[in-house]
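What follows is one structure encoded as structure tokens, with my remarks underneath.
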Amino acid sequence: MAMSSGMVHLCRLTGRSIGTVIGSSRGKPLTSRRWYITTSVRNNLKFKLDERTAHSSLDLFKKDTGVIYRSLGLDPTLVQDTPLRFRDWAVVLADAHIDSGRHYWEVTVKKSHEFRLGVTDVLTSRDECVGTNSTSWVYAYVQRKWFAMTSGKQVPVPLVGKPDRVGLLLDFEAGRLSLVDTQKVQVVHTIKTQFRSPVCPAVGLWDGELLTHSGMEIPEGL
């Protein structure tokens with residue numbers, strides 16, 4: 001079944017994979033058991049991406065610190081069925097949880113033109129895309145523009161451009177997630193909220209590849 005370029009573009013804007021538009025089934029309820037394997041040391045978070053959460057169109061590489069988008073992807077029936085996995089959305093979560101402290105990590109974005117970066121509740125619904133619900137907070141890059149997203153609302157983030165690499169600064173107690181210019185070492189935009197439960201880094205990807213860099217000290221001045 002061929003899809004028009006307009007339909008493909010609509011899928012990407014909403015965050016939904018092409019396979020979902022053609023047809024999909026709802027996943028099993030997410031259990032409340034503690035599924036993460038890495039805990040956050042205060043102000044020094046180190047994580048990998050968790051394959052168990054990855055949509056079938058996403059492949060992990062470089063010891064699970066990078067992710068690449070495959071337009072066809074794997075047959076969902078060949079992927080291990082787990083309530084942790086995103087079935088309708090091209091999203092993968094990190095294997096860490098954060099419940100305190102300030103943490104900083106960076107993402108190389110130069111090989112992608114459509115993605116979302118941020119955090120989400122550890123037990124967020126796998127039936128929703130990050131940025132579309134009240135339990136996720138992300139920065140989205142689409143059509144050469146940046147947006148801050150939560151609860152489906154988009155706020156333009158001006159004067160960012162398309163750097164090769166960006167930083168994310170999370171202050172759990174203060175309820176702040178900031179996008180950081182790694183060249184100028186300064187905050188570009190901050191999402192303000194109140195985190196009521198542990199969160200983990202999240203990535204949505206609909207083009208190219210991304211590479212995460214964690215275990216980093218917070219740069220001076222941030």
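Using a 4.5 Å heavy-atom cutoff, the side chains of Thr108 and Leu210 are not in contact. The shortest side-chain heavy-atom distance between Val157 and Val188 falls under the 4.5 Å cut-off. In this structure the side chain of His213 never reaches within 4.5 angstrom of the side chain of Thr65, judged on heavy atoms. A heavy-atom distance below 4.5 Å is found between the side chains of Val119 and Phe195. In this structure, the side chains of Leu117 and Val109 come closer than 4.5 Å at one or more pairs of heavy atoms. Side-chain contact between Glu106 and Thr182 is present, with heavy atoms from C-beta onward closer than 4.5 Å. Contact annotation: the side chain of Asp127 never approaches that of Phe86 to less than 4.5 Å [non-hydrogen atoms, C-beta and beyond].
Lys162 NZ: more than 12 foreign heavy atoms inside a 6.0 Å radius. Within 6.0 Å of the CD atom in Gln186, the count of heavy atoms belonging to other residues, nucleotides or ligands exceeds 12.
Counting only N and O atoms by type, the side chains of Ser134 and Ser151 include no donor and acceptor under 3.5 Å apart. Side-chain atoms of Ser136 and Thr120 include no donor-acceptor pair closer than 3.5 Å.
Between the side chain of Arg126 and the backbone N or O of Thr124, at least one donor-acceptor pair lies under 3.5 Å. Using a distance-only test at 3.5 Å, with no hydrogens or angles considered, no donor-acceptor pair links the side chain of Arg116 to the main chain of Val138. At least one donor-acceptor pair closer than 3.5 Å links the side chain of Ser214 to the backbone N or O of Phe47. Between the side chain of His97 and the main chain of Pro198, no donor-acceptor pair closer than 3.5 Å is present. Proximity of a side-chain donor or acceptor of Trp206 to a complementary backbone N or O of Tyr69 within less than 3.5 Å is not detected.
Val155 and Phe147 are not part of a single hydrophobic cluster, where members link through side-chain heavy atoms under 4.5 Å apart. No continuous path of ILVMFWY side-chain contacts below 4.5 Å connects Ile68 to Leu93, so the two sit in separate hydrophobic clusters.
Atom CG in Asn133 sits 4.5 Å away from atom CD in Glu128 (nearest 0.5 Å).
Using a cutoff of 4.0 Å between basic side-chain nitrogens and carboxylate oxygens, Arg102 and Asp171 are scored as salt-bridged.
When ring centroids are compared, Trp137 and Phe172 stay outside the 6.0 Å threshold. Aromatic pair His113/Tyr141: centroids not less than 6.0 angstrom apart.
Across all non-hydrogen atoms, the minimal contact from Leu222 to Val185 is CD2-O, 3.8 Å.
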